[in-house]
Amino acid sequence: MKKLQAIRGMNDLLPDDSGQWQYLENTLKRILQQYSYREIRFPILENTELFKRSIGEVTDIVEKEMYTFDDRNGDSLTLRPEGTASCVRACEQHGLLYNQTQRLWYMGPMFRHERPQKGRYRQFHQVGVEVFGMTGPDIDAEVLLLSARILRELGVADKVTLQLNSLGSAEARANYKSALVDYLSQYKDQLDEDSQRRLTSNPLRILDSKSPDTQKLLNGAPMLLDHLDDESREHFQRLQDILNTAGVPFEVNPRLVRGLDYYGKTAFEWVTDALGAQGTICAGGRYDGLVEQLGGKPTPAIGFGIGLERLLLLLQATEQLPEGLDRHTQVYLVAVGEVQSTALSLAEQLRDALPGLQLLSHCGGGSFKSQMKKADKSGAEVALILGEDEAQSGLLGVKYLREEQPQETLSVPEVADRLRSRWPALRTQ
Ligand code: ATP
Ligand code: MG
């Protein structure tokens, strides 16, 4: 029989690696809480319509990357390729945008049918931040400071660069588009194939073409920044001033455009050259028109998404992950002879006394020797030994597995004290 396999580009997360993900997720959640952002969760499936109407019909995502299918009722559904559209849908549906501001985050899997490679998967994970109801550059700066803190606290600040651009108002973009198309049409034959197609469908996307020939042609092209409307120009300048004052370094990249149609004004990416072609760790921008476009009242908004696989790859490549994330057992309780029920109840007492302790209670019997081997393999630092004699007297043997120290025989409260003084952090957990 053919072996069953996961779908290409969709990864299992095995227990040896889950500690890294938990570290990353916990760090992110802690920082998001520091800024008073609140979590929102929404389904993984939405009506296809939602993504078509928000991301845009002629974007890579909608044209060729979505997992779309008809359900049993014949409704067209899509596995979410990103979170912003669903977040707006959920907020609108529940009246969260009416006369109020929102600072929100979410975390979870996204789905895109792309060619799998390092840093690019068909199921990947994002933490997303979306903020609603504020027009000024101060909130743009807050969002950028938040993303900067995440990268700093994870230890990769010196491996990433913040690139900034302004995409201007819809009108400025339209003017610029026609100037760009006029210019590029003269060189149509020299453009790469994708860019030729985009000349009519989505000309702005030509700016971030990977083709060196196209990039060369763009050197002489009109600049989006020269076509900005006054309001966007001033917004962009004030944002830069705040970032300079706050000491957040950035580069203005006039060719930065995002792959989704709903962005305007501020657009940004955190990029690294430590991961090859998949160098964008975090990407986002302002999308003041989206809520209205989806049927709500005009509502200014800004957000970003961080690709967690790429962020983790960066932490691995730069050795920024703390030691011991794959260790799950501090103490291993060895139970030899007819002592199973005593062992389990002693383990419960210890968990009551030390809620932060990682205690593995051996099940399934076996000789003292074989259990000690398992204790050693578990990575535990201490083995507690319960034989029939100890069970009779209400005591436990305490054996230190990683250092020369004599074995002791102690009562349960004494054991708890020993463990508490060994791991002071247990006191506060
Ligand atoms: P790219 O240009 O790399 O395809 P994108 O512009 O499509 O990225 P966004 O839609 O802005 O990406 O998503 C935000 C972040 O999510 C990206 O910067 C990246 O870190 C991550 N990401 C996007 N697509 C994938 C994927 N297929 N696999 C892993 N991470 C991804
Ligand atoms: Mg993409």
Side-chain angles (χ1 to χ4, degrees), residues 6-11 13 21 24 28 50-51 54-56 58-67 78-88 105-130 143-144 147 150-151 154 156 159-165 167 194-195 198 202 204-211 253 255-264 266-287 290 301-317:
I7 294 167
R8 203 164 107 80
M10 304 206 176
N11 300 314
L13 175 59
W21 278 83
L24 183 57
L28 290 164
L50 172 66
F51 301 115
S54 54
I55 298 169
V58 288
T59 55
D60 283 352
I61 295 181
V62 172
E63 277 187 335
K64 45 190 190 204
E65 294 175 359
M66 294 206 304
Y67 279 91
T78 294
L79 281 166
R80 62 183 189 197
E82 57 108 45
T84 306
S86 312
C87 187
V88 169
W105 67 268
Y106 50 83
M107 197 183 283
M110 306 293 162
F111 303 85
R112 296 185 195 179
H113 196 278
E114 303 194 71
R115 191 169 70 76
Q117 53 198 292
K118 187 181 162 204
R120 193 176 292 286
Y121 312 97
R122 291 180 172 176
Q123 174 174 321
F124 63 99
H125 298 78
Q126 281 185 349
V127 64
V129 158
E130 315 290 352
V143 162
L144 286 167
S147 61
I150 288 173
L151 296 164
L154 290 168
V156 292
K159 302 293 183 307
V160 291
T161 310
L162 173 60
Q163 301 202 333
L164 267 190
N165 195 14
L167 304 177
D194 259 351
S195 298
R198 285 179 170 146
N202 197 351
L204 280 189
R205 286 289 283 174
I206 298 175
L207 293 182
D208 70 358
S209 160
K210 303 277 182 291
S211 149
N253 174 359
R255 304 243 175 113
L256 176 74
V257 285
R258 308 280 310 115
L260 301 86
D261 275 357
Y262 49 63
Y263 289 108
T266 310
F268 61 88
E269 291 189 359
W270 286 95
V271 296
T272 179
D273 48 22
L275 296 181
Q278 271 55 252
T280 305
I281 303 287
C282 168
R286 192 167 262 287
Y287 53 95
L290 182 61
I302 180 166
F304 65 76
I306 300 179
L308 295 186
E309 281 81 0
R310 288 188 198 174
L311 184 52
L312 199 54
L313 281 170
L314 183 60
L315 297 188
Q316 287 161 353

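First listed ligand is number 1; within each ligand, the first listed atom is number 1.
A side chain to side chain donor-acceptor pair (under 3.5 Å) with Glu114 is found for one member of Lys64, Arg120, Arg122 and no other, namely Arg120. When each of Gln123, Lys118, His125 is checked for a side chain to side chain donor-acceptor pair (under 3.5 Å) with Glu309, only His125 meets the rule.
Ranking protein heavy atoms by distance to atom 30 (N) of ligand 1, first place goes to Phe124 CD1, 3.4 Å. The nearest heavy-atom contact from the protein to atom 28 (N) of ligand 1 is Tyr121 N, 2.9 Å. Of the protein's non-hydrogen atoms, the one nearest atom 1 (P) of ligand 1 is Arg120 NH2, 3.6 Å. Taking atom 27 (N) of ligand 1 as the reference point, the nearest protein heavy-atom neighbour is Glu114 OE2, 2.6 Å.
For Lys210, the side-chain contact (heavy atoms from CB on, under 4.5 Å) criterion is met by no residue, not counting sequence neighbours.
Ion pairing of Arg112 with Glu82 is absent here, as no side-chain N (NZ or NE/NH1/NH2) approaches a carboxylate O to less than 4.0 Å.
The residue among Gln278, His113, Lys118, Gln126 with a heavy atom at the shortest distance from atom 16 (O) of ligand 1 is Gln126. Between atom 12 (O) of ligand 1 and the options Arg112, Glu269, Glu82, the minimum heavy-atom separation is to Arg112.
Within the listing of ligand 1, atoms 17 (C), 18 (O), 19 (C), 20 (O) sit less than 4.0 angstrom from a heavy atom of Thr280. Atoms of ligand 1 lying under 4.0 Å from any heavy atom of Arg258, numbered from 1 in the order shown and given with element: 6 (O), 9 (P), 11 (O).
Counting heavy atoms under 4.0 Å from ligand 1, residue Glu309 does not touch it at all.
Considering both main-chain and side-chain atoms, Ile281 comes within under 3.5 Å of ligand 1 through a nitrogen or oxygen pair.
Ile55 CD1 to Leu50 CG: the interatomic distance, rounded to the nearest 0.5 Å, is 7.5 Å.
Taking all atoms of both residues into account, the shortest heavy-atom contact from Val58 to Asn202 is O-ND2, 3.5 Å.
Side-chain contact between Trp270 and Ile306 is absent, with no heavy atoms from C-beta onward closer than 4.5 Å.
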